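Remember, predicted model here, so these are calculated numbers, not experimental data.
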Amino acid sequence: MASIMEAFNASTTNLPSATLDRLVGAKAQTGFLSNITNGVNIWSVLFTLLAAAVVYDQIAYWRNKGVLSGPAWKMPFIGPFLQSVDPKFEAYHKQWMSAPLSCVSVFHIFVIMGSTRDVARQIFNAPAYVKPCVVEVASKLLRPENWVFLDGKAHVEYRKGLNGLFTRQALTGYLPGQQEVYEQYFESFFQSSEKARKEKSGAGPDKGGEKSVYILRELMCALSCRTFVGHYMSHSQVKEIADDYYNITAAMELVNFPIIIPFTKTWYGKKAADKVLEAFASCAAKAKIRMKSSGAKAECILDRWILQMMESEQYRQRIERGESVPSEEKPAQVLRGFTDFEISMTLFTFLFASQDATSSACSWLLQLLADRPDALEKVRAEGNQIMGDRYGKYGAVQIDDLDNMAYTRAVVKETLRYRPPVTMVPYKVKKPFPITPEYTAPKGSMIIPSLWRSLHDNEAYGSHGGADEWAPERWIEGDAEEQGKNWLVFGTGPHYCLGQTYAVMNLMLMIHLLSANFDMHHTVTDRSEEIRVFATLFPMDDLLLSFTRRVAA
């Protein structure tokens, strides 16, 4: 038997024994690896990758966080996104008060909050390190080429061309249209209250109170559109934009999906934004035709902007013909021609800047005045004294009248301080930003100056009961006007709000005309003083108001 096996071995291989040993060893190793591979499946691979991603996400958060105040641990990937679905003012306030700099991380975005006055001002005044970004999805809604996303010299030059739209002369021209809108909507408020009273369907003792935040949003949208595009847009279009704009606001929440997914807030917001851009582009085309006609006068921002473009083009043509144009005939700002869509994008940013902020401000204004009849009577008395026999008449208010309404202005400014419509202004870090000696904000992070602490600083606004009290008198008898460093309602630095004078004047006009012609009745609930966060700040109970007509004294 042995001889047969030897013969068989000899006939099947002539390799040396050392080589055979190596082959047998390799075969054994292959079998071992095969056993391991057989024990691995797709789920175990995915679990391992997921665990590695979670660990990496946490380490990245710790590395960016450094010395900042903030959660020690991050919920994997999404961070505090679930809490942001129903944002709470108390949570934001707690973070603002926690430290000058604090942080969170949402999805892949590292967010730094700058809460104190000095830190907020430092961020506002650091164009070399930061640029406006609003929110992650904003460029998709407003378009990446929009002027608000321009940086450096390009932004400065574009902005210069818009300054002429908010001069005193320009604001004077917008007043008649604004008063037309107020007359129309105030009458509709009264009729709605009358209907509720008759049907006993509303709130309050007279059963006429209705949630007013939503009708005030429509009013502010109508007023903005009238100021921006005049009569180029129909009332039905304005109503549609006001309704759609709710979706745009929802899409612009501070924390949201960074990509547009069908049937989400950002998707509905994008659809609404496209409609608004198309509507404004159509208005621009109409205005270019009208303003070329003989005798056409500028009645809105769009008219005035196109007129400046036409004057600039005429000036360039004279220079090209070799004329010596006197300096007094040169336009204050020589503008290039803007396309209908460029105009549309710019008007959309004006609406974006004004719609939610003024809706918030007028909601708090009416609530505060309705709950404080002594302050309301002071507004009326001042208006009556200044206007005389023109008091309460729509179309009669001139810009000089508003200039002389010191107490009315104080009411508006104190409301903007007490309940600032805009509490956070997001920026994106362009390069490592050494915001303190101990901390450098990483490139690509979002950094957000918060305004609340500066506007509720007892060192600046400690008179008249303290910073947490609403007291218009602090702007007349106190030193509130001298606290310029704390007055960050409209920002500061290269991106400060162009329309701040327009915004204050508009709110003054509103409470003057409304208080002269109507009495307001506010149904106070246990949630009236609570703050609801929806891009800006609103009363939690949506402001239950009813209106009765009064005869202007």
Side-chain angles (χ1 to χ4, degrees), residues 147-148 150 155-182 223-232 280 283-284 287-288 290-291 295-316 325-338 342-343 345-354 357-358 395-406 408-409 412-413 416 484 487 489-510 512:
W147 78 283
V148 295
L150 294 178
H155 175 264
V156 171
E157 292 301 317
Y158 201 110
R159 189 183 180 92
K160 283 181 181 177
L162 303 176
N163 285 332
L165 306 178
F166 295 96
T167 62
R168 183 179 177 81
Q169 181 185 9
L171 297 179
T172 300
Y174 308 147
L175 276 173
Q178 291 169 341
Q179 293 178 72
E180 287 179 15
V181 173
Y182 280 134
L223 190 92
S224 293
C225 288
R226 179 69 175 85
T227 304
F228 300 161
V229 298
H231 292 295
Y232 298 116
F280 280 150
C283 292
K288 285 180 177 179
R290 174 180 171 271
M291 293 307 294
K297 294 183 179 180
E299 298 178 353
C300 60
I301 282 178
L302 179 56
D303 286 345
R304 186 170 290 275
W305 195 11
I306 289 173
L307 185 61
Q308 290 176 2
M309 292 182 212
M310 292 167 56
E311 291 171 348
S312 296
E313 180 59 25
Q314 292 168 2
Y315 170 77
R316 281 192 293 268
V325 182
S327 59
E328 61 270 18
E329 296 181 21
K330 180 181 178 181
Q333 184 70 29
V334 180
L335 308 182
R336 66 173 175 85
F338 290 86
E342 285 178 314
I343 294 171
M345 287 191 294
T346 303
L347 294 177
F348 189 13
T349 62
F350 289 170
L351 183 62
F352 174 67
S354 66
T358 52
V397 182
Q398 304 297 322
I399 198 166
D400 289 340
D401 299 322
L402 296 172
D403 286 343
N404 292 323
M405 294 181 185
T408 305
R409 182 181 302 276
V412 170
K413 295 194 72 172
L416 294 175
W487 180 249
V489 170
F490 298 100
T492 188
H495 291 275
Y496 76 91
C497 178
L498 274 173
Q500 55 183 303
T501 302
Y502 159 75
V504 172
M505 184 190 74
N506 171 39
L507 293 169
M508 290 173 64
L509 179 66
M510 181 199 71
H512 164 72

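With sequence neighbours excluded, the residues forming a side chain to side chain contact (heavy atoms under 4.5 Å, CB included) with Gln398 are Arg390, Asp401, listed by chain and number. For Lys160, the salt bridge (charged side-chain N to carboxylate O under 4.0 Å, His left out) partners are Glu157, not counting sequence neighbours. Among residues two or more places apart in sequence or in another chain, the side-chain hydrogen bond (donor to acceptor under 3.5 Å, both in side chains) test is passed with Glu313 by Arg316, Gln317. In this structure, the side chain to side chain contact (heavy atoms under 4.5 Å, CB included) partners of Ala503, at least two apart in sequence or on a different chain, are Phe490. Looking at residues two or more places apart in sequence or on another chain, you find a side chain to side chain contact (heavy atoms under 4.5 Å, CB included) between Ala406 and Glu382. With sequence neighbours excluded, the residues forming a ring-ring contact (aromatic ring centres under 6.0 Å, His included) with Trp147 are His155, Tyr158, listed by chain and number. Glu342 pairs by the salt bridge (charged side-chain N to carboxylate O under 4.0 Å, His left out) definition with Arg336, not counting sequence neighbours. Scored by the side-chain hydrogen bond (donor to acceptor under 3.5 Å, both in side chains) test, Asn163 finds no partners at all (sequence neighbours excluded). In this structure, Tyr174 has no side-chain hydrogen bond (donor to acceptor under 3.5 Å, both in side chains) partners at least two apart in sequence or on a different chain. With sequence neighbours left out, Ser224 forms a side chain to side chain contact (heavy atoms under 4.5 Å, CB included) with Phe228, Leu351, Ser354. Residues that satisfy the side-chain hydrogen bond (donor to acceptor under 3.5 Å, both in side chains) test with Asp303, not counting sequence neighbours, are Tyr232, Arg290.
Atom NZ of residue Lys330 and atom OG of residue Ser312 lie 10.0 Å apart, to the nearest 0.5 angstrom. For the atom pair CZ of Arg304 and CD1 of Ile301, the computed distance is 9.5 Å after rounding to the nearest 0.5 Å. Separating the CD atom in Gln314 from the CD atom in Glu329 is a distance of 11.0 Å, to the nearest 0.5 Å. The CD atom of Gln169 lies 10.5 Å from the CD1 atom of Ile399; values are rounded to the nearest 0.5 Å. With values rounded to the nearest 0.5 angstrom, Leu416 atom CG is found 10.5 Å from Gln500 atom CD. Annotation: the span from Leu302 atom CG to Phe350 atom CZ amounts to 10.5 Å, rounded to 0.5 Å.
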(request) Show your reasoning for whether side-chain contact (heavy atoms from CB on, under 4.5 Å) applies to Phe166 and Thr501. (result) CA-CA 8 Å; Phe166 295 96; Thr501 302; over 6 Å; no
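Listed here is the closest heavy atom pair of Leu171 and Met505: CB-CE, 4.0 Å. Here the shortest heavy-atom pairing between Met291 and Ala296 reads CA-CB, 4.0 Å. Between Cys300 and Thr227, the shortest heavy-atom contact is CB-O, 3.3 Å. Across all their heavy atoms, Glu311 and Pro331 have their closest contact at O-CG, 3.9 Å. Across all non-hydrogen atoms, the minimal contact from Pro176 to Gly173 is CD-O, 3.5 Å. The shortest non-hydrogen separation linking Met510 to Tyr182 is CB-OH, 3.3 Å.
Looking at Trp305 and Leu162, their side chains come closer than 4.5 Å, going by heavy atoms from C-beta outward. Between Val229 and Phe280 the shortest side-chain heavy-atom distance falls below 4.5 Å.
Sorted by first then second residue, the salt bridge (Lys or Arg N to Asp or Glu O under 4.0 Å) pairs that include residues 163-178, not counting sequence neighbours, are Arg168-Asp400, Arg168-Asp403.
Geometrically, Arg159 engages Tyr496 in a cation-pi contact defined by less than 6.0 Å to the ring centre and at most 45° from the axis.
Put simply, the side chain of Gln178 never gets that close to the backbone of Leu223: no donor and acceptor are under 3.5 Å apart. Using a distance-only test at 3.5 Å, with no hydrogens or angles considered, a donor-acceptor pair links the side chain of Gln179 to the main chain of Val397.
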